[in-house]
Each structure stands twice: as structure tokens, then as C-alpha cells.
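Worksheet: the structure to be examined is printed underneath.
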2 protein chains.
Amino acid sequence: MPENNTASRREAKTSRAPAASKAERDITLADNLFAALAHPARRQILLSVHYRGECTAGEIANRFECSWPTTSRHLAMLVTCDLLTVSKQGRTRVYSANSKLIGEVLSKWSGFFQ
Amino acid sequence: MPENNTASRREAKTSRAPAASKAERDITLADNLFAALAHPARRQILLSVHYRGECTAGEIANRFECSWPTTSRHLAMLVTCDLLTVSKQGRTRVYSANSKLIGEVLSKWSGFFQ
DNA sequence: CTATTAATTAGCAATCAGGCTAATTGAATC
DNA sequence: GATTCAATTAGCCTGATTGCTAATTAATAG
């Protein structure tokens, strides 16, 4: 598969491109956002973090049925996709949603179909 | 798997529920829409059909690099998810986009993050 | 220093997704 | 009725996703 779908790649990509064009960034954003939103747990996580403001990993993990490591992986993916931001505070990690970005991309795509 | 993710199910589901609640329908819509939009080829198909109006399967398939059967499967999925509508005309099949639905769901989700 | 707590990482198994080619269906044409 | 053309279906294979448990890391508390 020469056409590498960035959306599904988990590892942090070492962006070698000097400065991707806006079009390219838009494609990557759509890839990332829609790959992330494809999973119901990740949609819930994003909504949950957005509405509560900041959340620790534990608060998020306890709210879901699936195991903590599974939630942790969803969180990691959302961070890689730039939809969540994380900061370490002592031994907890605090997540917050990049709501502006999410809202803008969704809004743009909804506009395409109006 | 008791929790059946309708979004990813390929075959037409025999909806046995008498009349799903609005909340349930919203969840199914999100499942379907975001599962569909997760693949770049399907995003392109939806945009393409939306902007051109009606398209035959052949017109769509010829526009993409992947094989006709692969495109056909994407089309079938989009129909199952209610994002495309298809009608047989002679030996061709004409697809059109359910843009209103797509736009509404995306708009609603973009609203969540504003 | 050790015990506890927060969270991630490693590793494995099972399912899902998406690509292909070959075969089939069904309408139109000769 | 045989052929051609539009399109789907069948079947297969490979890689990605997602779930779990167990192990690890790292910070705090005792």
C-alpha cells in the first residue's frame, strides 16, 4: 500500500515535509478526524472531554465499560490526531479537547453538503 | 458480539425494532455516517455524487483508481447507511446523495463542539 | 526505601476492512 | 438465442483495529 493512510497510523509521524500545503493539511485533518470519529467510544470521549472541560485519564476511563488500557489507547490515538491535548500533572494526565479544530472541520464538511 | 455495531455491518439489516426512539436513530445515524466517512474513497464518492447530482456506478467507478468491484462495495455500503440512494434504470444504476441527511448530521455534530 | 496509585506499554487473539480477480446477474443489442 | 455491456456478488488474502490481561513506568505517600 504505497498510499499511506495517515489517519490510521498510530505512531507519531515524523513530519519531514517542510510545510505541507493547506490542501494537504486539510486532507490529513479529514483523515484524522473521521478516522477518530468512526469509533463510538472515541466519539463519546471527545464529547465527554469537551463538555467537562479538562479530564484526567482516570476520570475518562472510569466512565467507560472497556478496560483502562483500551481507553488509554483511544486517548493516545486522539492525541496523535490532534483532537485532544494532554499535559502531565504529577502522576495524572489531564486531557482537553481541541474543540475549535473539531468544530471547524465538521462545520466545513457539513457546508459541503448544504 | 452482543453490542452490534450497525455501522460496519455490510448486509442489509432486517430492522426488527418497531420504531426506534429518536435517540437510538441518532446513534445509528452517527454510527453510519462516521463509519462511512472514515474511508477517503467514500468521502470522495459522496462529495462527487453530491456535486454532480446523479451518477451511474460506471461514472463513479471510472473516476477512481481502485477496481470497479471495490468501488461497488463502497457504493453498497453507502446505500446501506442511507447516505446514497440508488435506482435501477435499464442496466445502469443511478446513485444520488442524501445530502440533506449528511449535512444535517454533520452540522449537528459540529454544533456540539462550538 | 517500599507501597500505592495513575497511567501506559507490551503482547496476544479475534474480528473487521479493504483490496484484488473471477464468476455471476440482468438488460440491451445484434 | 448469443453476445455484449453494466454492475454486483463470491471468495480469498492481508493488514489494521480493538479488545483483553499482564507487565512496566513514574510520581506520591507512608
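Heavy atoms only: backbone and side chains are in, while hydrogens, waters and symmetry mates are out.
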How many whole angstroms separate atom [atom1] of [X] from atom [atom2] of [N]?
X	N	atom1	atom2	value
A:His39	C:dA17	NE2	P	11 Å
B:Asn62	D:dA7	CG	P	8 Å
A:Leu37	D:dT17	CG	P	15 Å
B:Leu78	C:dG18	CG	P	11 Å
B:His74	D:dA7	NE2	P	17 Å
A:Trp68	D:dT24	CH2	C1'	15 Å
B:Arg73	D:dA6	CZ	P	22 Å
B:Leu75	C:dG19	CG	C1'	15 Å

Presence of [X] side-chain N/O under 4.0 Å of [N] phosphate oxygens OP1/OP2:
X	N	result
B:Thr70	C:dG18	no
B:Arg42	C:dG18	yes
B:Ser67	C:dC20	yes

#### Entry: Test item: B:Arg43 and A:Asp31 side chains (from C-beta on) under 4.5 Å apart, heavy atoms
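Yes. Closest side-chain heavy atoms under 4.5 Å.
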
### Task
State, yes or no, whether a side-chain contact exists between A:Thr85 and A:Val79 at a heavy-atom distance under 4.5 Å.
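They are not in contact (no side-chain heavy atoms under 4.5 Å apart), so the answer is no.
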
### Query
Please, which pairs that meet salt bridge (Lys or Arg N to Asp or Glu O under 4.0 Å) have at least one residue in residues 96-110 of chain B, sequence neighbours excluded?
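Passing the test, one end in residues 96-110 of chain B: B:Asp26-B:Lys108, B:Lys100-B:Glu104.
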
### Task
Please work out which residues in residues 82-96 of chain A have a non-hydrogen atom less than 4.0 Å from an atom of DNA chain C and list them by number.
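Contacting residues: A:Arg91, A:Thr92, A:Arg93, A:Tyr95.
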
### Query
How long is the gap from CZ on B:Phe34 to CG on B:Leu106, to the nearest 0.5 Å?
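It comes to 5.5 Å.
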
### Message
Could you measure the distance from the OG atom of B:Ser107 to the CH2 atom of A:Trp109? Nearest 0.5 Å is fine.
### Response
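Between atom OG of B:Ser107 and atom CH2 of A:Trp109 there are 15.5 Å.
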
### Query
Could you walk me through whether A:Arg52 and A:Ser48 pass the side chain to side chain contact (heavy atoms under 4.5 Å, CB included) check?
CA-CA 6 Å; A:Arg52 298 172 163 263; A:Ser48 182; 3.8 Å; yes

### Task
Would you check if there is a donor-acceptor pair between the side chains of A:Thr70 and A:Ser67 at a distance under 3.5 Å?
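Side-chain D/A pair, A:Ser67 to A:Thr70: present.
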
### Query
Tell me, which of residues 44-61 of chain B have any heavy atom that sits under 4.0 Å from an atom in DNA chain D?
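Result for residues 44-61 of chain B: B:Thr56, B:Ala57, B:Gly58, sorted by number.
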
### Query
Any idea which of D:dA22, D:dG19, D:dA6 is nearest the A:Pro69 side chain?
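The nucleotide sitting nearest to the side chain is D:dA22.
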
### Query
Only one of B:Asn98, B:Leu83, B:Leu47 forms a side chain to side chain contact (heavy atoms under 4.5 Å, CB included) with A:Phe113, so which one is it?
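That would be B:Leu47.
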
### Query
Once the angle between the rings of B:His74 and B:His39 is folded into 0 to 90°, is it parallel (under 30°), tilted (30 to 60°) or perpendicular (over 60°)?
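Judged by the thresholds at 30° and 60°, the geometry between B:His74 and B:His39 is tilted.
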
